[in-house]
Amino acid sequence: MKAEKMEKLVAEVIEKLGKLKHADLAADLSWCWVSFQNDQNPVGVIEKASQALAAFKGAREKNAKSVSKKLVEDLEKALA
């Protein structure tokens, strides 16, 4: 995981998850991000961000305009 890229993206990802009615996943990702900032252990962030990516891809399959292609690509790059 690229922490610098994730830091720029995490707020946008959490906001988009909320709009897509994935409030639980948004809360989990938010918690994991704060935890990562404290202990530098990226396991939870990677897991929850990967789930968010899957949710975004599923939403794009149903409606391509629901999640921007750029957000999906940026999240993939941050997780790489």
Side-chain angles (χ1 to χ4, degrees):
M1 178 185 85
K2 296 179 178 84
E4 305 85 32
K5 289 186 180 193
M6 187 60 77
E7 185 172 358
K8 294 176 183 175
L9 275 177
V10 75
E12 185 178 356
V13 170
I14 290 168
E15 181 181 339
K16 183 57 79 173
L17 285 170
K19 289 181 181 176
L20 294 174
K21 309 268 189 283
H22 292 286
D24 289 345
L25 181 54
D28 289 347
L29 179 57
S30 178
W31 186 91
C32 288
W33 180 251
V34 172
S35 176
F36 168 72
Q37 290 176 315
N38 290 320
D39 64 14
Q40 299 301 306
N41 184 345
V43 173
V45 175
I46 292 169
E47 179 184 334
K48 296 304 176 182
S50 296
Q51 291 175 8
L53 183 59
F56 290 167
K57 286 181 177 180
R60 279 189 58 82
E61 285 179 19
K62 293 177 186 170
N63 179 359
K65 294 182 180 182
S66 62
V67 179
S68 72
K69 183 178 179 183
K70 182 179 182 334
L71 180 58
V72 171
E73 289 172 350
D74 288 348
L75 187 53
E76 288 175 332
K77 288 177 188 173
L79 286 169

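The residues of the chain are indexed from 1 along the displayed sequence. Note that these values count all heavy atoms, side chains included, but never hydrogens, waters or copies made by symmetry.
- Note that CG of D74 is 10.0 Å distant from NZ of K8, once rounded to the nearest 0.5 Å.
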Chi angles and distances behind the side chain to side chain contact (heavy atoms under 4.5 Å, CB included) call for K57, V72: CA-CA 7 Å; K57 286 181 177 180; V72 171; 4.2 Å; yes

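- Within the model, atoms NZ of K16 and CG of L71 stand 7.5 Å from one another, a figure rounded to the nearest 0.5 Å.
- Atom CD of Q37 and atom SG of C32 lie 11.5 Å apart (nearest 0.5 Å).
- Shown here for A59 and V67, the closest heavy-atom pair between the two residues is CB-CG2, 4.1 Å.
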Trace of the side chain to side chain contact (heavy atoms under 4.5 Å, CB included) decision for M6 with F36: CA-CA 11 Å; M6 187 60 77; F36 168 72; over 6 Å; no

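- Interatomic distance, E7 CD to K2 NZ, rounded to the nearest 0.5 Å: 15.5 Å.
- E47 contributes atom CD, which lies 10.5 Å from atom CG of L29 (distance to the nearest 0.5 angstrom).
- The structure places NZ of K77 at 7.5 Å from NZ of K70, a figure rounded to the nearest 0.5 Å.
- The nearest pair of heavy atoms linking A26 to G18 is CB-N, 4.3 Å.
- Using a 4.5 Å heavy-atom cutoff, the side chains of F56 and L17 are in contact.
- Residue-environment remark: NZ (K69) stays at or below the threshold of 12 foreign heavy atoms within 6.0 Å.
- K19 has a carboxylate O that lies under 4.0 Å from a charged side-chain N of E15, or vice versa, which qualifies the two as a salt bridge.
- Other residues, nucleotides and ligands contribute at most 12 non-hydrogen atoms within 6.0 Å of the CG atom of D24.
- A pairwise comparison of heavy atoms in S66 and R60 identifies OG-N, 3.8 Å as the closest pair.
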